[in-house]
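See structure below.
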Amino acid sequence: MARKPASLSHTECAALALIGLTALCSVEDTLKLKTGETILIQGGAGGVASFAIQVARHLGARVITTASAANHDYLRRLGADQVIDYNAQDFTQAVSGCDAVFDTVGGEVAKRSFAVLRPGGRAAFIASGNAAPASPRPDVTSLRPKVGRDRAHLERIMALVTSGAVRVPEITTYKLADAAEAHRVSEGRHLRGKLVFKVR
């Protein structure tokens, strides 16, 4: 548990908690991203990835991400240096020599992400099950972030947001009675930002 800042609503805090924990544990703790490095973040418009883009930018990294064309302006506003339309361009042809990859998509996208890494690069995966996919290359590292729940990370999230380094994601609210529709939207995997249930 952590104290809610007065400047944020309960809805905003609900939207930030898990995506922030996942992004921080992946980008800072697991990938250990450094100033001057280049990272490819797959599926940039989602809640976790959009938080990760902003954290990576705050750390001084060059940020490349993938998204449908409708989300490109949104992601540039969040700080992405380059946005690739996955419907029109093969990211493995557009990107190379990355220091790190953070994959939030899974499947074939995850497997193909190894191709864009430089020798000695590392990749973190959160959409490929409980274990990271095996690396097809001996010169890169495949990692599965361990996302814990602790006050230190929650306070780091709040500090990043209240300082203006990270923006609150776009939020779509649903009544609890509309849970089935919210799940349909989530399962469509083209959501921008975060869904929040209003219980009362």
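This one's a predicted model, so the numbers in the text were calculated from it and none came from an experiment.
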Hits for salt bridge (charged side-chain N to carboxylate O under 4.0 Å, His left out) against R112, two or more places apart or cross-chain, chain-then-number order -> D90
Contacts satisfying side chain to side chain donor-acceptor pair (under 3.5 Å) that involve residues 55-65 (not counting sequence neighbours) are R57-D81, R62-Q82
Residues at least two apart in sequence or cross-chain that pass ring pair (Phe, Tyr, Trp, His ring centres under 6.0 Å) with F91, listed by chain then number, are none
Self-check item: Residues K32 and E37 bridged, charged N to O under 4.0 Å
Solution: no
Legend entry - 4.5 Å side-chain heavy-atom contact, V101 and L31: no
In short, ring-ring contact (aromatic ring centres under 6.0 Å, His included) pairs touching residues 100-130 with sequence neighbours left out are F114-F125
Item to complete: Check whether V109 and L40 end up in the same hydrophobic cluster, where Ile, Leu, Val, Met, Phe, Trp and Tyr are linked by side-chain heavy atoms less than 4.5 Å apart.
Response: yes
Contacts of P119 meeting side chain to side chain contact (heavy atoms under 4.5 Å, CB included) (sequence neighbours excluded), chain-then-number -> R137, D139
Is it true that a side-chain atom of S163 and a backbone atom of L160 form a donor plus acceptor pair closer than 3.5 Å? yes
Heavy-atom nearest pair, A2 first then L154, reads CB-CB, 3.7 Å
Residues pairing under ring-ring contact (aromatic ring centres under 6.0 Å, His included) where one sits in residues 127-162, two or more places apart or in two chains, turn out to be none
Test side-chain contact (heavy atoms from CB on, under 4.5 Å) applied to I126 and T22, step by step: CA-CA 8 Å; I126 61 165; T22 306; 3.8 Å; yes
>> Working note: I64 + I39, criterion side-chain contact (heavy atoms from CB on, under 4.5 Å); need CA distance, chi angles, decisive distance, verdict.
In response: CA-CA 6 Å; I64 305 168; I39 184 171; over 6 Å; no
Notebook entry, point to check: Between T92 (side chain) and A115 (backbone), is there a donor-acceptor pair under 3.5 Å?
Noted result: no
Contacts of T11 meeting side chain to side chain contact (heavy atoms under 4.5 Å, CB included) (sequence neighbours excluded), chain-then-number -> S9, I171, T173, V196, K198
For E28, the salt bridge (charged side-chain N to carboxylate O under 4.0 Å, His left out) test, sequence neighbours excluded, returns R156
Please report, to 0.1 Å, the donor-acceptor pairs under 3.5 Å made by any side chain of residues 44-56, with sequence neighbours excluded.
{"from": "S50", "atom 1": "OG", "to": "G46", "atom 2": "O", "distance (Å)": "2.9"}
{"from": "S50", "atom 1": "OG", "to": "G47", "atom 2": "O", "distance (Å)": "3.0"}
{"from": "Q54", "atom 1": "OE1", "to": "R167", "atom 2": "N", "distance (Å)": "2.6"}
{"from": "Q54", "atom 1": "NE2", "to": "S50", "atom 2": "O", "distance (Å)": "3.1"}

Tightest non-hydrogen contact, residues I84 and A94, listed as CD1-CB, 3.9 Å
Quick note, ring-ring contact (aromatic ring centres under 6.0 Å, His included) partners involving residues 155-183, not counting sequence neighbours, are none
(request) Classify the side-chain pair T104/Q42 by whether it contains a donor and acceptor separated by less than 3.5 Å. (result) no
- Task: Output yes when R76 and D73 qualify as a salt bridge under the 4.0 Å nitrogen-oxygen rule, no when they do not.
- Result: yes
The side chain to side chain contact (heavy atoms under 4.5 Å, CB included) partners of D85 (sequence neighbours excluded) come to A69, H72, N87, A88
Test item: E181 side-chain N/O and D178 main-chain N/O as donor-acceptor pair under 3.5 Å: no
Scan side-chain atoms only and decide if R192 and N71 contain a donor-acceptor pair under the 3.5 Å cut-off.
yes
Checklist entry - Between R118 (side chain) and D99 (backbone), is there a donor-acceptor pair under 3.5 Å? => result no
Nearest heavy-atom approach of V168 to L8 is CG2-CD2, 4.0 Å
### Task
Could you walk me through whether K111 and E108 pass the salt bridge (charged side-chain N to carboxylate O under 4.0 Å, His left out) test, one step at a time?
CA-CA 5 Å; K111 294 176 185 175; E108 285 302 310; 3.5 Å; yes
Margin query: One pair to check against side-chain contact (heavy atoms from CB on, under 4.5 Å): V147 and L24. What are the steps and the verdict?
Written below: CA-CA 9 Å; V147 181; L24 290 176; over 6 Å; no
Quick note, salt bridge (Lys or Arg N to Asp or Glu O under 4.0 Å) partners involving residues 3-21, not counting sequence neighbours, are none
- Message: Do L143 and R122 have side chains that approach each other closer than 4.5 Å (heavy atoms only, starting at C-beta)?
- Response: yes
Here the pair of heavy atoms bringing L16 nearest to P169 is CD2-CD, 3.7 Å
Between A67 and L75 the two heavy atoms that sit nearest each other are CB-CD1, 3.3 Å
Shortest non-hydrogen pair, C13 vs M158, comes out as SG-SD, 4.5 Å
**Item:** Residue pair T141, S135: steps toward the side-chain contact (heavy atoms from CB on, under 4.5 Å) verdict
**Value:** CA-CA 7 Å; T141 305; S135 174; over 6 Å; no
